[in-house]
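The figures here come from the full heavy-atom set of this structure, side chains too, leaving out hydrogens, waters and symmetry mates.
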Amino acid sequence: LFEGVEIALKYSDYWEHHAELEVIVDDAIFVPEAEQKIRAIAERLGLDLMSEEEVADFTKAFEDER
């Protein structure tokens, strides 16, 4: 846990090495604040975040290869 953001370094054949940043919220009203916190921590650590569209494109490309 780093300043309220959970960071996990992971590896899979699909994604290879990657980091996942997460803040758990108990109400959807807190999602924008959590996203802002994740973006701030990613910037401090020099990490590039994928947009929802980039994740969808990446996932589709992988599934199309199967």
Show me the pairs that pass salt bridge (charged side-chain N to carboxylate O under 4.0 Å, His left out) and involve residues 45-59, at least two apart or across chains.
none
Should Ile7 and Leu49 be regarded as members of a common hydrophobic cluster, given that ILVMFWY residues are connected when their side-chain heavy atoms come within less than 4.5 Å of each other, either directly or indirectly?
yes
Verify same cluster id: Leu45, Val5 (apolar side-chain graph, 4.5 Å):
yes
Residues 37-44 side chain polar contacts: donor-acceptor under 3.5 Å, at least two apart:
| residue | atom | partner | partner atom | Å |
| --- | --- | --- | --- | --- |
| Arg44 | NH1 | Glu3 | OE1 | 2.7 |
| Arg44 | NH1 | Glu3 | OE2 | 2.6 |

To the nearest 0.5 Å, tell me how far Leu1 CG sits from Glu22 CD.
10.5 Å
Identify all side-chain donor-acceptor contacts of residues 23-33 below 3.5 Å with residues at least two apart in sequence or on another chain.
| residue | atom | partner | partner atom | Å |
| --- | --- | --- | --- | --- |
| Asp27 | OD1 | Ile29 | N | 2.9 |

Residue pairs fulfilling side-chain hydrogen bond (donor to acceptor under 3.5 Å, both in side chains) with at least one residue in residues 5-20, sequence neighbours excluded:
Lys10-Glu20, Tyr14-Thr59, His18-Glu20
